[in-house]
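Read through the structure below, which is laid out as structure tokens, and then see the notes.
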Amino acid sequence: MTDTLIFDSDWLTPEQIQMDGKTINYLAAHDIQYVQHPVAPIQRLNVFVPAAYENGGTVNGYTRDTAPIFMPNTVGGYFPGPADDPTRTQWPNNAATIKQALKRGYVVIAAGLRGHTTVNEAGQRVGQAPAFIVDMKAAVRYVKYNQARLPGNVERIITNGTSAGGATSALMGASDNAKFFEGALTSLGAAPATDDIFAVSAYCPIHNLEHADMAYEWQFNGINDWNRSQPVAGSMKNGRPKFESITGTLSANDQSLSADLKRQFCDYLNGLQLHDANGQALTVSPDGTGTFQNYLVQLLTDSAQSALDKGVDIHKYAGFTVTNGKVTGLDLKAYLTSLTRMKAVPAFDQLDLGSLENRLFGDATVLNRHFTSFSQEHTTVPAQLAETELVEAVNPLTYLTGKQSAKIAQHWRIRHGAADRDTSFAIPIILATVLQNQGQDVDFALPWDIPHSGDYDLGELFAWIDGLCQ
């Protein structure tokens, strides 16, 4: 039954790319089916191996058997994430990341993952939640099933992604071997192996969706003007849409909803019973202030200080006080006002079912669904509410807080830019803090002046991986 999932080393053929004026030689196998019963053509993966390993050579101290297996994805907005390639130019791609990883000596395995617009041959939708994470798990199981045939160390699998792809990476690390997904994996004919991984790299993960609206209003409540970019219909070029800027102001009703959501966040955050490295409880008061907010201020202050030490003018943003070369204060409201609000209310579970996340929780018969009781109660259009179990199953916090059991990855690197407005700072802080409180190894930061993006610090990322694997 599983013979169709056996990797044949003869599929690896020599290829090369140019980077920084130098040639990188590698072996590649393309378009490999990673489940027995795929429901969409995207369910295939690519394998890339430094050429030196073919003849017993080493790269960066790694051998064919000890090299980390780096598994990046191209998911964004919970759209389909095609299998990546170092020569890929069509958006979305992380070609530069794969090139650098190969140069570093990593085995790179890039899987294509379904998204909310994926349809099968009959035109039926087959990509809504939890398809993206089921596919990622199936790809990892394929790799582990072929551990004797594929180069690389299956005990050193590191996932990587940005935005919804960062959420995919984080969910992999939090939900290793979770029972919820077994039925879907069995239906696809996934390989008989486990899907636990070694380490997670997550850039600005858009996750914890059932609490993201609350967190957004805790952060931006009282800031009523918003601005963002949105795709222009019919403007695709090289697979990527053009964007236009749109602006708006919260109505009186919006402002009332914002206040309600802010209050709900206080209850949610306090219920998590978080604490910092010194054991101090991280809480918020009804007005939104408290030790959790102070912790955010300290993280942003540290980010600004790091930039200031490098000669950067941090007064691009308001709110910082600098004395004798030291950041000595931050008016958080002034900083957030200068950063600007990006989204209206609610930010994710939109009342008109207009968000990408609403589409993520659709199904084969209903295009969009609400995923919070708040938005279902205030909906402005006829709507259905997604199943609570499904919404929770695609949230890493579900497993980290014990609502469902799973094995958890040992090592985490989480980055969320200090200029990222797509989700609240609270969302990645909660993820990192819960992990730290449970004793996991966590490297977390809010890099200065970085918007919603990823893979901007590959040298630091790969140094982190090397520190774990060498």
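In what follows, residues are counted from 1 in the order of the sequence shown. Model, not experiment: these values are computed from the prediction.
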Subject >> Val108 vs Leu102 side-chain heavy atoms within contact, under 4.5 Å >> reply: yes
Original post:
Between the main-chain N or O of Asn73 and the side-chain N or O of Asn94, is there a donor-acceptor pair closer than 3.5 Å?
Top reply: yes
Original post:
Would you say the side-chain atoms of Tyr295 pair up with the backbone N or O of His275, donor to acceptor, closer than 3.5 Å?
Top reply: no
Original post:
Do Leu390 and Gln128 have side chains that get closer than 4.5 Å, going by heavy atoms?
Top reply: no
Subject >> Distance-minimising heavy-atom pair for Arg415 and Pro447 >> reply: CD-CG, 3.8 Å
Original post:
Got a second to check how far Ile427's CD1 is from Ile206's CD1, nearest 0.5 Å?
Top reply: 8.5 Å
**OP:** If a pair satisfies ring pair (Phe, Tyr, Trp, His ring centres under 6.0 Å) and one of its residues is in residues 297-316, list it, with sequence neighbours excluded.
**Re:** none
**OP:** Verify whether one side chain among His30 and Asp85 offers a donor that lies under 3.5 Å from an acceptor in the other.
**Re:** yes
Original post:
Taking it one step at a time, do Thr66 and Asn153 satisfy side chain to side chain donor-acceptor pair (under 3.5 Å)?
Top reply: CA-CA 5 Å; Thr66 65; Asn153 183 355; over 6 Å; no
Original post:
Is there side-chain contact between Thr159 and Phe70, with heavy atoms separated by less than 4.5 Å?
Top reply: no
Original post:
Do Leu150 and Ile69 touch side chain to side chain, with heavy atoms closer than 4.5 Å?
Top reply: no
Original post:
Hey, does the side chain of Gln438 reach the backbone of Gln440 with a donor-acceptor pair shorter than 3.5 angstrom?
Top reply: no
Subject >> Close aromatic pair by centroid cut-off 6.0 Å: His211 and Tyr268 >> reply: yes
Subject >> Least distance between heavy atoms, Ala202 atom then Ala170 atom >> reply: CB-CB, 4.4 Å
**OP:** Identify which one of Leu274, Leu282, Val442 satisfies the side chain to side chain contact (heavy atoms under 4.5 Å, CB included) criterion when paired with Asn437.
**Re:** Leu274
Subject >> Side chain Arg88, main chain Ala95, donor-acceptor under 3.5 Å >> reply: no
Subject >> Close aromatic pair by centroid cut-off 6.0 Å: Phe292 and Trp218 >> reply: yes
Original post:
Among Phe361, Phe132, Tyr78, Phe79, whose ring-ring contact (aromatic ring centres under 6.0 Å, His included) with His116 holds?
Top reply: Phe79
**OP:** Would you tell me whether Lys137 and Ser175 have side-chain atoms, one donor and one acceptor, within less than 3.5 Å of each other?
**Re:** yes
Original post:
What distance do Glu357 atom CD and Phe371 atom CZ have between them, rounded to the nearest 0.5 Å?
Top reply: 5.5 Å
**OP:** Could you tell me the separation between the CG atom of Leu332 and the CG atom of Leu336, rounded to the nearest 0.5 Å?
**Re:** 4.0 Å
Subject >> Aromatic Tyr145 / basic Arg149 pairing, under 6.0 angstrom, 45° off normal >> reply: yes
Subject >> Flag for Thr372-Asp349: side-chain donor and acceptor within less than 3.5 Å >> reply: yes
**OP:** Compute both the distance and the angle, then confirm whether Arg156 meets the cation-pi test with Phe198: under 6.0 Å from the six-membered ring centre, within 45 degrees of the axis.
**Re:** yes
Original post:
For Ala164, does its backbone N or O pair with a side-chain atom of Thr168 as donor and acceptor, under 3.5 Å?
Top reply: yes
Subject >> Reported CZ-to-CG distance for the pair Phe348 and Leu360, which is rounded to 0.5 angstrom >> reply: 12.0 Å
Subject >> Heavy-atom check, side chain of Val140 versus side chain of Ile109, under 4.5 Å >> reply: no
Subject >> Trp448 ring center within less than 6.0 Å of Phe320 ring center >> reply: yes
Subject >> salt bridge (charged side-chain N to carboxylate O under 4.0 Å, His left out) between Glu244 and Arg228, worked out >> reply: CA-CA 8 Å; Glu244 62 180 356; Arg228 69 173 185 267; over 6 Å; no
**OP:** Would you tell me whether Tyr317 and Asp449 have side-chain atoms, one donor and one acceptor, within less than 3.5 Å of each other?
**Re:** yes
Original post:
When rounded to the nearest 0.5 angstrom, what is the spacing between CG in Asp195 and CZ in Arg141?
Top reply: 4.5 Å
Original post:
So, Ser163 side chain and Pro205 main chain: donor-acceptor pair closer than 3.5 Å or not?
Top reply: no
Original post:
Does one side chain, of Asn358 or Gln350, offer a donor that lies under 3.5 Å from an acceptor on the other?
Top reply: no
**OP:** Indicate, with yes or no, if the rings of Tyr106 and Phe462 have centres closer together than 6.0 Å.
**Re:** yes
Original post:
What do the steps show when you test Leu27 against Thr13 for side chain to side chain contact (heavy atoms under 4.5 Å, CB included), and what is the final call?
Top reply: CA-CA 5 Å; Leu27 307 176; Thr13 58; over 6 Å; no
Original post:
Are the side chains of Tyr142 and Leu5 in touch, meaning some heavy atoms are under 4.5 Å apart?
Top reply: yes
**OP:** Might you point out which heavy atoms bring Ile158 and Pro68 nearest each other, and give the distance in Å?
**Re:** CD1-CB, 3.8 Å
Subject >> Ile465 side, atom CD1; Ser201 side, atom OG - distance, nearest 0.5 Å >> reply: 6.5 Å
Original post:
Is a side-chain donor or acceptor of Arg369 paired with a backbone partner of Asp363 at a separation under 3.5 angstrom?
Top reply: no
Original post:
Looking only at side chains, do Thr398 and Glu392 share a donor and an acceptor under 3.5 Å apart?
Top reply: no
**OP:** Locate the shortest heavy-atom distance separating Ala307 from Ile314; write the atom from each residue and the value.
**Re:** CB-CG2, 4.1 Å
**OP:** Could you tell me whether a side-chain N or O of Thr433 sits under 3.5 Å from a main-chain N or O of Ile430, the two making a donor and an acceptor?
**Re:** no
Original post:
Backbone N or O of Glu182 within a donor-acceptor pair of the Thr186 side chain at under 3.5 Å?
Top reply: yes
Original post:
Is the closest side-chain donor-acceptor distance between Thr4 and Gln33 under 3.5 Å?
Top reply: no
**OP:** Would you check if Arg114 and Val134 make a side-chain contact, meaning some heavy-atom pair closer than 4.5 Å?
**Re:** yes
Exercise answer: donor-acceptor pairs, residues 399-410 side-chain atoms, under 3.5 Å, sequence neighbours excluded:
from, atom 1, to, atom 2, distance (Å)
Tyr399, OH, Ala393, O, 2.7
Thr401, OG1, Leu397, O, 2.5
Lys407, NZ, Asp196, OD2, 3.4

**OP:** Please answer whether the main-chain N or O of His452 pairs with a side-chain N or O of Asp422 as donor and acceptor at a distance below 3.5 Å.
**Re:** no
Subject >> Parallel, tilted or perpendicular: ring planes of Trp11 versus Phe7, cut at 30 and 60 degrees >> reply: perpendicular
Subject >> Residues Asp466 and Arg104 bridged, charged N to O under 4.0 Å >> reply: yes
Which atom pairs, donor and acceptor, lie under 3.5 Å between side-chain atoms of residues 39-54 and protein residues at least two apart or in another chain?
from, atom 1, to, atom 2, distance (Å)
Gln43, OE1, Val39, N, 2.6
Gln43, OE1, Ala40, N, 3.1
Gln43, NE2, Asp135, OD1, 2.9
Arg44, NH1, Asp31, O, 2.9
Asn46, OD1, Asp31, N, 2.9
Asn46, ND2, Asp84, O, 2.9
Tyr53, OH, Gly105, O, 2.6

Original post:
Looking only at side chains, do Asp309 and Ser306 share a donor and an acceptor under 3.5 Å apart?
Top reply: no
Subject >> Option from Asp457, Asn160, Thr162, Asp420 for which side-chain hydrogen bond (donor to acceptor under 3.5 Å, both in side chains) with Tyr203 holds >> reply: Asp457
Subject >> Side chain proximity check, Thr117 to Pro80, heavy atoms < 4.5 angstrom >> reply: yes
